[in-house]
Amino acid sequence: MSTEQLKGHLDAMLLAVLEGGPTYGYAISEALRERSGGAFDLPEGTIYPALHRLERSGAVTSEHITVNGRQRRMYRLSRAGRVSLRERRAGWMSFVAAVNGVLGAGAA
Amino acid sequence: VNAVDRFLDDFTTALKTGWRYRGRVVAEIREHLADAVDAHSAAGHANPDQLAIDAIGTPVGLANRFNAEAATRRRLRAPWWAGLALAALAGGVLIPLVGRTPQPDVAAPAFAQIVFFAAALAAQVAVVAFGRGVSLAVALHRDPHPAQADETTLSHAIQASVAACVVAAVGWVVTLLAAAHRGAISGGSALAGGIVVMTVGVIGSTAVVVARTRIKNTAETGESATRPSAPLFVGERIVGLVRRHPIAAALATSVPAAALAMWHAETTLSGSLVWGFSEIGAVVTGFLLLGPLLGLRGPTGPAPVAA
């Protein structure tokens, strides 16, 4: 799947990964890869500017802490982020249903 | 120097951000690469450094994504610099007036009156443009993907505010110098006026530089086309009203301003009428000329904010 197809969905997917609990950048990129079955051809570094945008918008918070002797910036979903994720998820579901309604009709 | 260090050097060189944000970003990318190298090593892959680098993207491409975010952050801070310039102007205007006894029976020369009037108009433009910039900055602050048209309008608002601020400061200094020349105020007050111009100029030029920060075009950033709901965007709602009812907005602004100008003219009725109508004309002209620039009228304004 190309990066172009991911436009508009990366933020929601990052929020969805963080819904499972606070985590750090590399783990987020691994989670994206695993959950998508490796379908996304996205440079791993792309997630950081997106995380920073989400942090500026208040959907995500972060703190720099030491984990197992290694410095890591942990990202956490905020209350506003949960609301945003709920809205994005609902929007995506209705979008998928609508597209399926059109594309599926031809396949039947 | 290994491949990871070379990557980080190239990445750091390509970053065009403030030192604090740069430190955070570089640390984060370094941590990511260290994690990736560890993971590849644990999996028994050959050349784990290069695999980690290949997966994260090119140094310049990655840096440009951060540069775009940094530019947006800087641009959203620009109104506060413009606010400082306005505060300096207000302070500079007030300081020379402290302790000064009004002289209603003494009329300033026509030249000084005209300059003072122009400075007052410029100050009004500065305040309106500053308000527009602040309202946009507040509206865009919580938006992960501000529309470029909105950011451009924000930039224009700050530049207009600062330019008007500088004109007002220069006008105020000329007024003070004229007053000092005829002995109406002390040389110290005139000096204070000079300090106003310098202070406004320094802060204002900083504001303009920050507001003009160029946004690099970064494709494939996973941008969202959605905008958040806007319960706090009071300023943007006011702008929406102005755009829908421009004549009513111009009247609602110009008439009270004219009444204030007539009240402050401290002259005969006919003289105050000149001030009042000049003020009305100036407000309407300013609205016509600056309205499109500030997104207050015309088709070039920002997209309406979602309710």
Side-chain angles (χ1 to χ4, degrees), chain A residues 2-15 23-30 32-33 38 40-60 62-75 78 80-81 83-84 87-88 91-92 95, chain B residues 7 11 15 17 21 23-40 51-73 76-77 140-146 216 218-229 232 306:
Chain A
S2 73
T3 311
E4 190 66 28
Q5 287 172 286
L6 275 179
K7 273 191 176 181
H9 308 305
L10 180 59
D11 289 5
M13 290 193 295
L14 291 173
L15 294 177
T23 187
Y24 55 96
Y26 184 73
I28 293 171
S29 69
E30 286 296 292
L32 278 177
R33 192 192 332 275
F40 299 146
D41 179 24
L42 191 69
E44 288 175 2
T46 305
I47 66 167
Y48 291 98
L51 285 167
H52 293 187
R53 284 197 304 272
L54 289 169
E55 190 176 11
R56 171 169 54 79
S57 72
V60 160
S62 79
E63 58 179 335
H64 213 196
I65 60 173
T66 304
V67 180
N68 297 329
R70 177 171 282 179
Q71 286 284 309
R72 284 207 168 101
R73 181 166 290 277
M74 300 292 281
Y75 289 91
S78 69
V83 172
S84 177
E87 290 173 353
R88 288 166 189 261
W92 171 252
F95 175 76
Chain B
F7 177 92
F11 173 66
L15 275 178
T17 68
Y21 188 56
R24 170 186 169 170
V25 165
V26 172
E28 213 163 2
I29 295 301
R30 181 182 287 118
E31 292 160 19
H32 181 102
L33 287 171
D35 284 332
V37 168
D38 286 353
H40 286 300
L51 288 174
I53 289 169
D54 290 344
I56 204 168
T58 65
V60 174
L62 184 56
N64 280 344
R65 294 173 196 275
F66 286 107
N67 291 342
E69 171 61 12
T72 298
R73 289 179 181 214
L76 293 177
R77 281 198 295 268
L140 301 180
H141 180 66
R142 292 291 182 192
D143 188 344
H145 303 285
K216 288 189 180 291
T218 55
E220 302 172 358
T221 54
E223 289 183 357
S224 166
T226 59
R227 299 194 64 176
S229 57
L232 298 175

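Quick note on labels: first sequence line is chain A, next is B, and so on, each numbered from 1.
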Which atoms of Leu76(B) approach chain A - backbone, side chain, both or neither, heavy atom under 4.5 Å: side chain
Check the angle between the aromatic planes of His52(A) and Phe66(B) and answer parallel, tilted or perpendicular using the 30° and 60° thresholds. tilted
Is the shortest heavy-atom distance from the side chain of Tyr24(A) to the side chain of Asp35(B) under 4.5 Å? yes
Option that, when pairs with chain A are counted at under 4.5 Å, heavy atom only, ranks first among Thr58(B), Asp38(B), Leu33(B), Val25(B): Asp38(B)
Would you mind checking which part of Ser29(A) comes under 4.5 Å of any heavy atom in chain B, side chain (CB onward), backbone (N, CA, C, O), both or neither? side chain
Using the rule given for salt bridge (charged side-chain N to carboxylate O under 4.0 Å, His left out), can you reason through Glu69(B) versus Arg24(B), listing the C-alpha separation, both sets of side-chain angles and the distance that settles it, and then say yes or no? CA-CA 13 Å; Glu69(B) 171 61 12; Arg24(B) 170 186 169 170; over 6 Å; no
Check: Val26(B) and Leu15(B) side chains under 4.5 Å, non-hydrogen atoms: yes
